[in-house]
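Below is one structure; the comments refer to it alone.
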Amino acid sequence: MTIPATSHASAPAKFILFGEHAVVYGEPALAAPLQSIRAHATISASSAKDPSGLFITADDIYLRCLYGDLMPTHPIAATIRGVLQTIGSSQEPRAHLSLSSAIPVSAGLGSSAATSAAVAQALARFLHRELSANQVSDLVYEVEKLQHGIPSGIDNTVIAHEQTVFFTKTNKTEFLKLTRPLTFLIADSGERSSTKETVAGVRERYKREQKTYQAWFDDIGNITRAARTAVSHGDSELLGKLMLRNQELLEAIGVSCPSLDRLVKAALRAGVSGAKLSGSGAGGHIIAHVHPRQADHVVSRLRAAGARNVFLTELTANTHDS
Ligand code: PMV
């Protein structure tokens, strides 16, 4: 087999529009890719003087070592092993894997899933194979399980398919077609949190007050089902109202925090139709639905309220980059 000199793949960040946490309990969630913020993986053939095996460089996470020296549960090791198993190869190539990512870590934007997805496809391509989006999604899900316990599967699904999804754990994923573009601002609280811990905290409280939490999850499910129509039809007013109701319920289940509350309030005071935290919460990002004309004003209000970084994204009829 001729090995190519280099291969490359990238995968986007993601944001959850509706339904985080409730999705773990069987309710639907709605999420979209953030095409402009991506993780990249490049694999180049080693020269004769390089060490044998697959050498990994990921300067963002201070990682420089051979694949064989990583713990088997390390997400990059687990991804490489998953690809080799999927394509029926017994050994890693003698090559150099270089990783970089613009996605903030532990901030609710799917950084770990995007890195796994980029590594998986770059390695498969280096070995003359192209994984389908479903294969990437399944592989990334297995890696995510090592880190997050039992994830719902929304991160790997939206990141592998790079489309706006209406997702449930058990039903077939729906890819939404939008009739009108929708603009969102995504603002970073600067605080970081562990998805695993936040999800475990909700689980503990759910066990103590099952009836109350179940009712809240049911409400979030109904909001997300209504949002599927609002997103598809570009109904900004309804979308905003649903975001606010979803935020109230996320506050009730205890996953918001003062910095997220402050950003949501600042966005609302600046005139947006809706805002909420996005992802597991307890830090990370909020999203605000804006009219493009409002965006500059809302960005400056969010910055004044402490946002470290604010970026704009537009969901269009076709959010897929090839
Ligand atoms: O990884 P995050 O922070 O975007 O959160 C994932 C969303 C949760 O619903 C909180 C967990 C899950 O597995 O779906």
Side-chain angles (χ1 to χ4, degrees), residues 11-34 37-39 75 101 103-117 137-138 140-162 164-171 173 184 186-206 213-214 216-221 223-224 227 243 246-247 249-257 259-260 263 276-287 311 313:
K14 69 97 210 346
F15 66 109
I16 298 182
L17 283 143
F18 289 95
E20 50 273 270
H21 289 289
V23 67
V24 174
Y25 298 80
E27 296 299 329
L30 231 156
L34 270 171
I37 304 177
R38 305 184 74 88
S101 176
I103 309 171
V105 176
S106 305
L109 298 184
S111 142
S112 57
T115 301
S116 286
S137 180
D138 291 349
V140 172
Y141 182 70
E142 291 305 314
V143 177
E144 292 281 285
K145 275 206 295 203
L146 296 173
Q147 299 184 77
H148 299 314
I150 309 175
S152 65
I154 190 160
D155 280 20
N156 49 286
T157 303
V158 65
I159 283 168
H161 289 274
E162 300 198 26
T164 305
V165 298
F166 180 81
F167 172 92
T168 48
K169 283 204 298 189
T170 45
N171 299 344
T173 299
F184 294 88
I186 301 182
D188 188 355
S189 69
E191 284 192 61
R192 298 293 173 253
S193 67
S194 146
T195 299
K196 190 176 181 175
E197 280 169 26
T198 315
V199 170
V202 174
R203 171 78 58 192
E204 258 172 47
R205 297 191 287 280
Y206 166 78
Y213 272 71
Q214 194 53 58
W216 284 335
F217 294 144
D218 291 348
D219 283 354
I220 294 176
I223 287 168
T224 306
M243 287 171 80
N246 195 166
Q247 171 65 17
L249 289 160
L250 288 164
E251 287 169 22
I253 66 170
V255 295
S256 199
C257 65
S259 61
L260 292 173
L263 292 180
K276 62 179 275 295
L277 71 84
S278 178
S280 52
H285 288 73
I286 67 127
I287 57 171
F311 43 90
T313 189

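Note that this is a predicted model, so its numbers are computed, not measured. Read the numbers this way: they start at 1 and go in the same order the structure lists the ligands and their atoms.
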Separation between CD1 (I37) and CG (L34), nearest 0.5 Å, reads 5.0 Å
Rounded to the nearest 0.5 Å, the CD1 atom of I253 sits from the OH atom of Y25 at a distance of 8.0 Å
Across all chains, not counting sequence neighbours, the side-chain hydrogen bond (donor to acceptor under 3.5 Å, both in side chains) partners of Q147 are none
Residue pairs meeting side chain to side chain donor-acceptor pair (under 3.5 Å), one or both in residues 13-24, sequence neighbours left out, come to K14-D155, E20-K276
Contacts of Y213 meeting ring pair (Phe, Tyr, Trp, His ring centres under 6.0 Å) (sequence neighbours excluded), chain-then-number -> W216
Report, as yes or no, whether the 6.0 Å neighbourhood of atom CD1 on I150 holds more than 12 heavy atoms from other residues, nucleotides or ligands. no
At a 4.0 angstrom heavy-atom cut-off, ligand 1 is contacted by K14, I16, E20, H21, V23, V24, G108, P151, S152, I154, D155, T195, V199, G279, S280
